[in-house]
Amino acid sequence: MRFLTFVRASDQVPRLGLLHGGDRVQDLREQAQRSGRWLPFDPGDMISLIEAGQAGLDAVRELAGAAEGGSLPLGSLRILAPIPRPRKNIFCVGWNYLEHFEEGERIRQSGQELPSHPVFFSKTPTAVSGPHDPIPFDPAVSEKIDWEVELAVVIGAAGKNIREAQAFNHIFGYTVVNDVSARDLQRQHGGQWLKGKSLDGHCPMGPCVVTRDEVDPNNLRVLTRVNGVVKQDSNTKHLYFKIPRLLAELSLGMTLEPGDVISTGTPQGVGFARTPPEFLKPGDLLETEIEGIGTLKNRVQGA
Ligand code: ZN
């Protein structure tokens, strides 16, 4: 199943939608009201659906099967991030594609080896924005805004000390994140990246969450285009630390909870490592696509 969070122009109330055939959306809130069915989750809150576990998915399946009334055309809706305001920071992974590590190392010249454990950092919840929202550009804040297409894992069942063999049982599904990065700020703060990764609107997410049974996360093409020109084009099969390893390491002594988002790292082709370096500027259209999940389309907007 593919879930998204959207609002209708008439009331701006967040609603969960079930996506059909790529372009039709069933409004779960409306259908629950119309059918008088009780749902074991809040039909406007993705985390509530995730927390309901299998009972939530079963209820959606029943509701969809008994649907009364039509679905809505996707293009008529304002789509929000699937989890518009995560409860905690987005977990991110640095250097998880070899070629991206190498392109960065050509710039850094640090003599660093690829780490033997994943490098984790985070983005604040306020950075999260919708799949079609603008990316703010203010030269007084940063002039070196860069792109990073990433497959993101959405945690389902809570877990601590998750074993690799059990990792997929803790995953609700997958979504697309662009780990937009202010490279000048990222370099300014003593080698830790929180600030440069967390500007408002610098974490477009969506357009939907695809449940884990629908895609093979180990073989998905990942792409970034800027103004239609392909900048990143790789595949999640090249992830250096695979998803089970990431979950095992991150959950070691630290509880992962339903609705937590883990962005798995970006492949080669980012702007700062290009010759000459390239950064986003007002008016640019950034498209972030993952096969089987969807495409984010975000325009850079001057202040
Ligand atoms: Zn990243």
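Both ligands and their constituent atoms are indexed starting at 1 by order of listing. Hydrogens, waters and symmetry mates are skipped; everything else that's a heavy atom, side chains included, is used. Since the model is a prediction, treat every value here as computed from it, not as a measurement.
Here Arg225 pairs with Glu287 in a salt bridge; the nearest charged N to carboxylate O distance falls below 4.0 Å. The pair Lys197-Glu148 meets the salt-bridge criterion, since a charged nitrogen lies less than 4.0 angstrom from a carboxylate oxygen. For the pair Arg221 and Glu289, the salt-bridge criterion is not met [side-chain N within less than 4.0 Å of a carboxylate O].
Counting only protein atoms, the N, O or S atoms lying less than 2.8 Å from the Zn ion (ligand 1) are Glu148 OE1, Glu150 OE2, Asp179 OD2, ordered by chain and residue number.
By the 4.5 Å heavy-atom criterion applied to side chains, Thr224 and Val230 are not counted as neighbours.
Among residue pairs with one or both ends in residues 234-287, none qualify as ring pair (Phe, Tyr, Trp, His ring centres under 6.0 Å); sequence neighbours excluded.
Distance alone, capped at 3.5 Å, places no donor-acceptor pair between the Arg15 side chain and the Asp45 backbone.
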